[in-house]
Structures are given as C-alpha cells and as structure tokens.
Protein chains: 2
Amino acid sequence: MTTGRPPSTTHDQIASVALDLFARRGFEATTVEEIAAAVGVGRRTIFHYFPSKNDMVWGNFDWVLDRLRTHLEESDEETSLIDAVRRAALLSNRYPAEQLPELRIRMTLITSVPALQAHSMLRYAAWRQVIAEFAAERLGVAPNEIAPQTIAHAALGASTAGFTRWVEHPEEDLDGCLETAYRLLAEGFATPAGDQG
Amino acid sequence: MTTGRPPSTTHDQIASVALDLFARRGFEATTVEEIAAAVGVGRRTIFHYFPSKNDMVWGNFDWVLDRLRTHLEESDEETSLIDAVRRAALLSNRYPAEQLPELRIRMTLITSVPALQAHSMLRYAAWRQVIAEFAAERLGVAPNEIAPQTIAHAALGASTAGFTRWVEHPEEDLDGCLETAYRLLAEGFATPAGDQG
DNA sequence: GGTCATTTTACACTCAGTGCGATAACGTTA
DNA sequence: TAACGTTATCGCACTGAGTGTAAAATGACC
C-alpha cells in the first residue's frame, strides 16, 4: 500500500483533537466544522474517518471487545458463569495508569451527554453480544435465547453502574467499582442492609 | 381551560398517525413533514407536541412509570428486594389484549431501528430511576449509590431481554418472557433451580 | 366590536450527515 | 520529463431534524 495520495490525518489524531474540544467547550457546542478546522482538514474528510460525531468519543472499542473475548475464553470450565463473566469484565477494563485520565474524560462525556448516552446503546450491543455468545456456549443454547441475552444485559448493567460510580467518584478505583457491582449481581441482590460498597 | 385558541390535534392523534406511518413505510423513511401532512397540521406544530421524532414511538410512558412506582410501593416489606422488583415489573406490564398489537409494533420499532434503540436509553433512565429509588429506600442508602444503581440497571436488562424475546416470538406471552428473564436474575444466573424462588 | 389567552404556523436558521464529482498528491512507468 | 493509476481530500449542493421568533388564527368573554 504505497501508492496514491498519502492521508493528511489519522483516526487517532481526529479523535484526540475532538475529545479535547469536547472536554473544553462541551460536546453539543462543538461543531464538526470546528473539529475539522482544528485538525486542519476539510469537514467532509472528518466523515471519511468517523461515521458520526458521536463515534469520536469512543477510543479503540474493538480492542476492549477483543480483550473481553480473550478473557472469557481463557476462563476455567469449573468457574461459574457469573464469575467467569465478572472476571473477564474486570480484566478487560484494566488500564495502565497513564490512560486513565483520558478514559475518565471519555466516560464522563458518555455518561453525561444525552446524545452520547443514547449512542452508547449501539456500541454496547456489540459488548453484550460477546457475553451472550459465551453464555450461550456455557448453557448449550443459542446466543439469542433469553438466558444468554438476560445475562448479557445484566452484566452490561453491572459494568455501566460500576463505570458511572467511578466517573462520579474520582477517588475510588475502577476495578473496585466494577467488583462491587458484579458482586451484587452474583448474589441476586441479596445484600445485607449494612453492606453497600 | 376555556380560553384561547383550541388545539387542532392531540398528542395521541399525532402518535397514532406517526406509528401507522412508521409501521408501513419505515421509521427513517418517514419525514416529520409527512407526519404533519397526514395529521393535517404544520410541521412546526408537531414539535410543539413532541420534542423529537423518536419520542413519538413511546406511548404514554409516564403512565407505565406510575404503575411501576405504585406496584413497588404496595409491595410487602417481607418480600425480598428482587422479588418486589420482579413483581412490580411484571404487573406494570400487564395490558388488555386489545392494546397488545400496538405495543408489539412499538416495541418492534424500538428494538429494531438503531435511532430508536439509542433513544430508548434516555427513556429507560427514568424507569431505572424509579427502581433505584425503591431499592435505595429498602437498603437505606441514597438512590445514586452503586447498589440501587446496579439493581436498577440489571432489572432493566431483564425487562429488555424479556421484551426482545416477546417481540421476536409472537407466540409466547409477554408475562412469561419477563418472568423467565427475572428468574434468571434472581438466581444469580445459577441454572439449576435454586433456593430462593 | 374589542380584548385576552392560547395555539398554530410561516420563515429563516443551524447543524449533522450524504452523494457526487473534481482535484490534489503520491508512486510508478515510459 | 510526462503521462498514468491510485488514493485521499475537498467543495458543493442537498436532505432532514430541530429551534427561535414573531405574526396570525381562533375562540371565550365583556
């Protein structure tokens, strides 16, 4: 692939510039035209790299899905379904410390901007699909059956609740927030009134 | 309310006309201008009744929320949290038979059109809030704590999985689909029939 | 008829997203 | 050097959702 006009920007560069503008001026207040200008490229080019403005806030989400899948596959056959899911969810959300600030900015936007909250539904459908496929294999049914689907939805709920907690409480760590949420799930909400991590 | 110009249409009429057009021509292919023309009203008037095209697909969702809240409040103090939530979710989704076809059309749109899938996130936030407030009172913590939030997210996941199942399997009944999903939740995904019913 | 309250509506606008076609920038080949 | 193929960029024109505003319509009441 050495022929043709060389690209004048990259996926990552646009995402980085956009995230910066979103964080400083707000998501809605930032137009695609402004992002294009900041990158030094035409507006039309932006849409060549991203299908929508919403998609710019997700980093490399496919990479997260890959990690999730990998961790699920390496799970012990004797581990219970919920424990396997919990473990994979936690491990796939381990980040080097230097990436956490950017992750926090992204998740803050996603959990607070209505347009992004809504759009997250579409992104998380892929996440649920990974869980559903794993659960389906464990249970010996099709991924679109109600059991795998419910497990996938509930697991996503736990992850979402954990992430939201982390976004709103910068002093706590992400792993702990997710751990707490998944524990509640595993216990069927049979939580003693005193304990609420 | 006897003074001023009388309204030339109603919330319900617009919703009904819109739903019909969506079902026949598709959601994306139907423009707001077409809906306005079908109702016999200006385009601008439509946006006086609905904040967005997406919102037209939901019927009286506030009414569902009220029913959910009512059923939660009337729950026995001795009933476990998850059982109270399950019972309220099931009861608030009982519809007279003649309303089911329209409900199915709505839910089919919501679960299949990407823009509506995304938008549902915003509507369901209110649903989760009702659950979270109930769970919070039961647990003696604030509604935005992780336990009520996780429970709310997971319950929504069960409802969503149940509804999706019902949409894709017209021969099954809604109550049964929801029941199955909530049972999985209550048992912490433990497949064998467990202790807690 | 005149006033008041409320709804409807036209107009003009912003912005996201799309389709299309022209053009720019590169490597290769003659 | 010049022509050519390839790919990216970009401008232009368009659709369609949603908004702000101010005017006009409509009915009730005096």
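Below, all heavy atoms of this structure are taken into account, side chains as well, without hydrogens, waters or symmetry copies.
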Please give, in whole Å, the distance from dG16(D) P to Arg25(B) CZ? 13 Å
If I compare all heavy atoms of Ile146(B) with all of Gly162(A), which pair ends up nearest, and what's the gap? CD1-CA, 4.0 Å
Check this for me: Gln99(A), atom CD, are more than 12 non-hydrogen atoms of other residues, nucleotides or ligands nearer than 6.0 Å? yes
Taking it one step at a time, do Glu34(B) and Thr30(B) satisfy side chain to side chain donor-acceptor pair (under 3.5 Å)? CA-CA 7 Å; Glu34(B) 287 169 343; Thr30(B) 305; 4.7 Å; no
Count the heavy atoms belonging to other residues, nucleotides or ligands that lie under 6.0 Å from CD of Glu78(A), then report whether that count exceeds 12. no
May I ask you to check whether over 12 heavy atoms, not counting those of Glu33(A), lie within 6.0 Å of atom CD? no
From CD of Glu28(A) over to P of dA16(C), roughly how many Å is that when rounded to an integer? 9 Å
Among side-chain atoms of Glu133(A) and Gln129(A), is any donor-acceptor pair under 3.5 angstrom? yes
Expected output is a numbered-order residue list: members of residues 48-61 of chain A with a heavy atom under 4.0 Å from any atom of DNA chain D. What is it? His48(A), Tyr49(A)
For dT9(D), does either OP1 or OP2 sit under 4.0 Å from a side-chain N or O belonging to Ser8(A)? yes
Is the number of heavy atoms from other residues, nucleotides or ligands within 6.0 Å of CD (Glu168(B)) greater than 12? yes
Inspect the contact between Arg106(A) and Glu102(A) and indicate whether a charged nitrogen and a carboxylate oxygen are less than 4.0 angstrom apart. yes
From C-beta outward on Pro7(B), which listed nucleotide comes closest to its side chain: dT9(D), dT8(C), dT6(C)? dT8(C)
Table of protein N/O atoms under 3.5 Å from nucleotides 23-26 of chain D N/O atoms:
residue	atom	partner	partner atom	Å
dA25(D)	N3	Arg5(B)	NH1	3.4
dT26(D)	O2	Arg5(B)	N	3.1

More than 12 heavy atoms of other groups within 6.0 Å of Glu77(B) CD: no
Can you tell me if Glu74(B) has over 12 outside heavy atoms packed within less than 6.0 Å of its CD? yes
Enumerate the residues from residues 39-47 of chain A whose closest heavy atom to DNA chain D is under 4.0 Å, giving them by residue number; use none for an empty result. Val41(A), Gly42(A), Arg44(A), Thr45(A)
Starting at NE2 of His119(B) and ending at P of dA17(D), how long is that distance when rounded to a whole Å? 14 Å
Expressed as a whole number of angstroms, how long is the span from Ile14(B):CD1 to dT7(C):P? 13 Å
Short N-O contact, Asp20(B) and Arg24(B), less than 4.0 angstrom: yes
